[in-house]
**Student:** 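What follows is a structure written as structure tokens; I'll ask about it next.
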Amino acid sequence: MLCWICGEYSEGEWNDQGEDSLQKYRLDTIPREVARNRLLNAVTFHPRRETVAVIDARGRVTAGPVNARRSMPPHPAAAMDGIALRTKVTRGASPTRPVRLREGRDFTYINTGDPLPENADSVVMIEKVNILEGGWVELVEPALPWKHVRQPGEDVAAGEVVLPAGHRIRPVDQGALLAAGVEQLSVLCPPRVAILPTGSEMVPPGLPLQPGQLREFNSTVLAGFLEECGAVPDCRGVVPDREEALREALVSAADRCDILVVNAGSSAGSKDFTPRVLAEVGEILLHGVAARPGRPVVLAMIGETPVIGLPGYPVSAYLAFDWFVRPLIRHWYRSGAAAPPPLLARLGREVQGGPGAEDFIRMRVAHVNGRYTAFPLARGGGVTMSMVRADAWLRLPPETTRLNAGEQVELEWVRTPAEIERTLVLTGCDDPLLDRIGAMIGRLSPGWSLFREYTGQNEGFDLLRRGGCHAVAIQGDLREEGYSGMIRIRVAEREMGWITAPTAPEPVSGVEDLIRSGLRLINRPPGSATRDRLAQLLDEQVGGRLPSGWERTEGSHWKAAASLAGGTADVTVGPRSAAEAFGLRWRPAWREPLDLVLPRSVAESEGGKALIETLRSRDLREMAAQLGGYDDSRAGEIIDPPFAKNSEGGRWEL
């Protein structure tokens, strides 16, 4: 713990609250780097070795230096197609006094890679040889000694080190080894890492879920990470929330594996037994690091086996894995960290952290007009999809609690620059059909992808002006001002209406029904056109009265429909497609266009053309028909001018 008097870091302590109460462990606040060094200093690995054939060695790590068994090339060899000869026979050759040579007496024809004849010391390129009849050739310049000749050992000499110890073998390394006469070599056996998921409510894949149970998926993710690192995952069964079961599982896994990863149970809840049981069967190095998310990690030793207790929230678990498990595996292979160069980007939005700990923030990165602009994604250790959508990480040190929009920052890559630069970023309003476009574009235009973010139209246009996106999805009309250089492309005309959950006594058919007492409403976020339209209807028809009961917001129509289907809300306003997908009751309210607005420069780019091709494709029409509630007869049509209003002033009534 951090002592607020002396400022020193100390270990957490066990607090005995009595015989009948659970002991709880106060979290340390040790800096991440200090914690990692403490773990590595406590561990002494003795990796096993094995001999493998070079042809099977890709991805393995050399156990020691590998020396060449023979020189490459093993003899002088021709580096060019031409003629091999003794340089003395070409003395005095010039354009005015060419030298004539006879095959078999003065020279020999030779191909690239052929051994040099014993009496030759040079090769003349065939392009510089004037071939005459009768086996004669003519040269107009003298040859130089050992010109175009590969000397023995030029590539590698016998006894020379081909690969150092601790080198991960690549395909090119395999080729060099075989050329150097190495057929087998000694490599380090990969560490065996036990993955021990805990929690009585967790159910592994393949088994049905009962009410109150959750799918255990962190083991699958961690196993994949381990394989990427060069380790062998040993996935153990789920350990129930019983101390004796956890104790037995820990001892068994530590006895059979080189590293032990325990997932969940590292916090301070009533069923978080991991720290206490680890203290009984081993030694706790620390419990808690000054970093968010991922703070309640446990580092311990059971005998000579290091144990990392990861938090249960997926994002926290994955970060703690990067901080402690990856370095342990590099320590096993005696290799240093391979840190790629940082990505320099400017912030598109303000980013806030908290005092006293590092903050790790998932970022989405847009590459527009040659610049990278980064935006924070959803926070929280359990927001799994933010890991899927993240392009990079932003690390805020403990002393930095805020960064302003426009500041330049260094990011750690998650996706490669090439992937980011071939990703179109679409903001603005939400619709299920827009999400499907992202899945289509990569199939129709390989190499391209689309990232969707629900921002509302106003924020979407603000991002477009600041280079934070490529296009904005809109519903309804645009004002004439401010859209110079933009084009508007029709996606579809959609049916919007009242979506009611099965739990509501009667389906909502209009604003009058909406204000019925006790209804739980999911509204759209501030700045969205649907929210504004609903407010307009309330003002016109019921004097601006808000629905009774309670109201919350959701950025996605699909997620709002899922909440209604799950019984946590009663009514929302959304497209017919979302209602049909979840089998919800739907009543029509209005029709409206669903369009994209993008700069002409984007539309004319390779990515813009891929997007427009997708909008005009048969795939989109088939998807619109499958979802239901769309008129796609004008899909892909350019609406010119982009701000033109229809005769009804922007209203499409059913």
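Just so you know, residue 1 is the first one in the sequence shown, and it goes up from there.
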**Student:** Of all the heavy-atom pairs spanning Ala366 and Gly467, show the shortest one and how long it is.
**Tutor:**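 Nearest heavy atoms, Ala366 then Gly467: CB-O, 4.5 Å.
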**Student:** Within a radius of less than 6.0 Å around CZ of Arg49, do more than 12 heavy atoms belonging to other residues, nucleotides or ligands occur?
**Tutor:** no
**Student:** Flag the pair Val425 / Val368 as yes when at least one side-chain heavy-atom distance between them is below 4.5 Å, and no otherwise.
**Tutor:** no
**Student:** With a 4.0 Å cut-off on N to O distance, would you call Arg349 and Glu459 a salt bridge?
**Tutor:**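 Between Glu459 and Arg349 there is a salt bridge, with a charged N closer than 4.0 Å to a carboxylate O.
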**Student:** Mind telling me whether His331 and Phe45 have parallel, tilted or perpendicular rings, with 30° and 60° as the class edges?
**Tutor:**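 Correct class here is tilted.
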**Student:** Ring-plane angle category for Trp323 and Phe360, please: parallel below 30°, perpendicular beyond 60°, tilted otherwise.
**Tutor:** tilted
**Student:** Does NZ or CZ of Arg389 come closer than 6.0 Å to the centre of the six-membered ring of Phe451, within 45° of the ring's axis?
**Tutor:**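 Output no; distance or angle outside limits.
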**Student:** Less than 4.0 Å between a side-chain N and a carboxylate O, is that true for Glu243 and Arg276?
**Tutor:** yes
**Student:** Is there a donor-acceptor pair closer than 3.5 Å between any side-chain N or O of Trp558 and the backbone N or O of Asp430?
**Tutor:** no
**Student:** What's the shortest heavy-atom distance between Ser219 and Pro197, and which atoms?
**Tutor:** OG-CG, 3.5 Å
**Student:** Around Asn37, counting heavy atoms of other residues, nucleotides and ligands shown, do more than 12 lie under 6.0 Å from its CG?
**Tutor:** yes
**Student:** Assess whether a salt bridge exists between Arg531 and Glu551, defined as any Lys/Arg side-chain N lying under 4.0 Å from an Asp/Glu carboxylate O.
**Tutor:** yes
**Student:** Could you walk me through whether Arg552 and Ser563 satisfy the side-chain hydrogen bond (donor to acceptor under 3.5 Å, both in side chains) test, starting with their C-alpha distance in whole Å, then the side-chain angles of each, then the deciding distance to 0.1 Å, before giving a yes or no?
**Tutor:** CA-CA 11 Å; Arg552 64 182 172 90; Ser563 292; 3.1 Å; yes
**Student:** Side chain of Glu421, backbone of Ala418: donor and acceptor closer than 3.5 Å?
**Tutor:** no
**Student:** Please determine whether a side-chain nitrogen of the Lys or Arg among Glu350 and Arg402 lies less than 4.0 Å from a carboxylate oxygen of the Asp or Glu.
**Tutor:** yes
**Student:** Evaluate the criterion salt bridge (charged side-chain N to carboxylate O under 4.0 Å, His left out) for residue pair Arg247 and Glu280; output intermediate values, then yes/no.
**Tutor:** CA-CA 9 Å; Arg247 185 180 299 107; Glu280 294 174 2; 2.8 Å; yes
**Student:** Side chain to side chain contact (heavy atoms under 4.5 Å, CB included) for Val187 and Val61? Distances and angles first, verdict last.
**Tutor:** CA-CA 5 Å; Val187 296; Val61 176; 5.9 Å; no
**Student:** Is it the case that the side chain of Asn218 and the backbone of Gly312 share a donor-acceptor pair, with hydrogens and angles ignored and the cut-off at 3.5 Å?
**Tutor:** yes
**Student:** Roughly how far, to the nearest 0.5 Å, is CG of Asp255 from CG of Leu250?
**Tutor:** 12.5 Å
**Student:** Show the nearest heavy-atom pair for residues Met363 and Val351, with the distance to one decimal.
**Tutor:** CE-CG2, 4.4 Å
**Student:** Output the distance between atom CZ (Phe225) and atom OG1 (Thr220), rounded to the nearest 0.5 Å.
**Tutor:** 11.5 Å
**Student:** If we ignore hydrogens and angles and just use 3.5 Å, is the side chain of His557 paired with the main-chain N or O of Ala578 as donor and acceptor?
**Tutor:** no
**Student:** Given 3.5 Å as the limit, does a donor-acceptor pair link the side chain of Asn523 with the main chain of Thr553, or not?
**Tutor:** no
**Student:** May I ask you to test the Val315-Arg362 pair for a side-chain heavy-atom distance under 4.5 Å?
**Tutor:**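 In contact.
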**Student:** Is it the case that more than 12 heavy atoms not belonging to Gln213 sit under 6.0 Å from its CD atom?
**Tutor:**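 Yes - once you tally the heavy atoms of other residues, nucleotides and ligands closer than 6.0 Å, there are more than 12.
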**Student:** Considering all heavy atoms of both residues, which atom of Ala291 and which atom of Ala357 are nearest to each other, and what is their separation?
**Tutor:** N-CB, 3.6 Å
**Student:** Does the pair Asp173/Arg58 count as a salt bridge with the N-to-O cut at 4.0 Å?
**Tutor:** no
**Student:** Rounded to the nearest 0.5 Å, what separates atom CG in Asp431 from atom CZ in Arg436?
**Tutor:**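 Going from the CG atom of Asp431 to the CZ atom of Arg436 covers 9.5 Å.
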**Student:** Name the residue from Leu343, Thr423, Thr373 that meets the side chain to side chain contact (heavy atoms under 4.5 Å, CB included) definition with Val365.
**Tutor:** Leu343
**Student:** Determine, stepwise, if the pair Thr305 / Ile259 fulfils side chain to side chain contact (heavy atoms under 4.5 Å, CB included).
**Tutor:** CA-CA 6 Å; Thr305 303; Ile259 301 170; 5.6 Å; no
**Student:** Are Val239 and Val262 packed together at the side-chain level, in the sense that at least one heavy-atom pair is separated by less than 4.5 angstrom?
**Tutor:**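 Answer no - side chains too far apart.
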**Student:** If you measure from CG on Leu347 to CG on Leu411, what distance do you get to the nearest 0.5 Å?
**Tutor:**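 Taking CG in Leu347 and CG in Leu411, the distance rounds to 7.5 Å.
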**Student:** Determine whether Glu399 and Pro355 make a side-chain contact, defined as any pair of heavy atoms from C-beta on separated by less than 4.5 Å.
**Tutor:** no
**Student:** Would you find a donor on one side and an acceptor on the other, under 3.5 Å apart, between the side chain of Asp570 and the backbone of Arg520?
**Tutor:** yes
**Student:** Mind listing the closest non-hydrogen atom pair of Ser449 and Arg415 along with its distance?
**Tutor:**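 Answer, listing the atom of Ser449 first, then Arg415: OG-NH2, 3.8 Å.
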**Student:** Salt bridge between Arg60 and Glu50, side-chain N to carboxylate O under 4.0 Å?
**Tutor:**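 Result for this pair is yes, salt bridge flagged.
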**Student:** Between Ile195 and Asp234, does the side chain to side chain contact (heavy atoms under 4.5 Å, CB included) criterion hold? Intermediate values first, please.
**Tutor:** CA-CA 6 Å; Ile195 302 174; Asp234 182 357; over 6 Å; no
**Student:** Where the side chain of Arg215 meets the backbone of Pro204, is there a donor-acceptor pair that is under 3.5 Å apart?
**Tutor:** yes
**Student:** Work out which heavy atom in Pro275 is nearest to a heavy atom in Ile284; give both atom names and the distance.
**Tutor:** O-CD1, 3.1 Å
**Student:** Is there a donor-acceptor pair under 3.5 Å between the side chain of Thr568 and the backbone N or O of Leu564?
**Tutor:** no
**Student:** Is any side-chain heavy atom of Val203 less than 4.5 Å from a side-chain heavy atom of Leu214?
**Tutor:** no
**Student:** Answer whether the closest heavy-atom distance between the side chains of Pro191 and Tyr333 falls below 4.5 Å.
**Tutor:**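 Result yes, sub-4.5 Å side-chain heavy-atom pair found.
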**Student:** Can you find a pair of side-chain heavy atoms, one from Thr274 and one from Leu278, that are under 4.5 Å apart?
**Tutor:** yes
**Student:** Check this for me, if you would: do Glu33 and Arg36 make a salt bridge, where the nitrogen-to-carboxylate-oxygen distance has to be below 4.0 angstrom?
**Tutor:** yes
**Student:** Side chains of Arg192 and Pro190: does their closest heavy-atom pair fall under 4.5 Å?
**Tutor:**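 No. Closest side-chain heavy atoms not under 4.5 Å.
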**Student:** Short question: side chain of Thr62, backbone of Pro164 - any donor-acceptor pair under 3.5 Å?
**Tutor:** yes
**Student:** What distance separates Phe375 CZ from Ile361 CD1, expressed to the nearest 0.5 Å?
**Tutor:**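 Those atoms lie 14.5 Å apart.
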**Student:** Would Arg364 and Asp391 pass as an ion pair if we require N to O under 4.0 Å?
**Tutor:** no
**Student:** Looking at Arg292 and Glu358, is there a salt bridge between them, counting it only when a charged N and a carboxylate O are closer than 4.0 Å?
**Tutor:**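 Looking at Arg292 together with Glu358, the answer is no, because their closest N to O distance does not fall below 4.0 Å.
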**Student:** Run the side chain to side chain contact (heavy atoms under 4.5 Å, CB included) check on Leu396 and Leu403 step by step: do they pass?
**Tutor:** CA-CA 9 Å; Leu396 285 184; Leu403 293 173; 3.3 Å; yes
**Student:** Indicate yes or no for a side-chain donor-acceptor contact from Ser252 to the backbone of Glu248 under 3.5 Å, with no hydrogens or angles considered.
**Tutor:**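 Absent.
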**Student:** So, taking the atom named CD in Gln210 and the one named CD in Glu201, what distance separates them when rounded to the nearest 0.5 Å?
**Tutor:**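 It comes to 14.0 Å.
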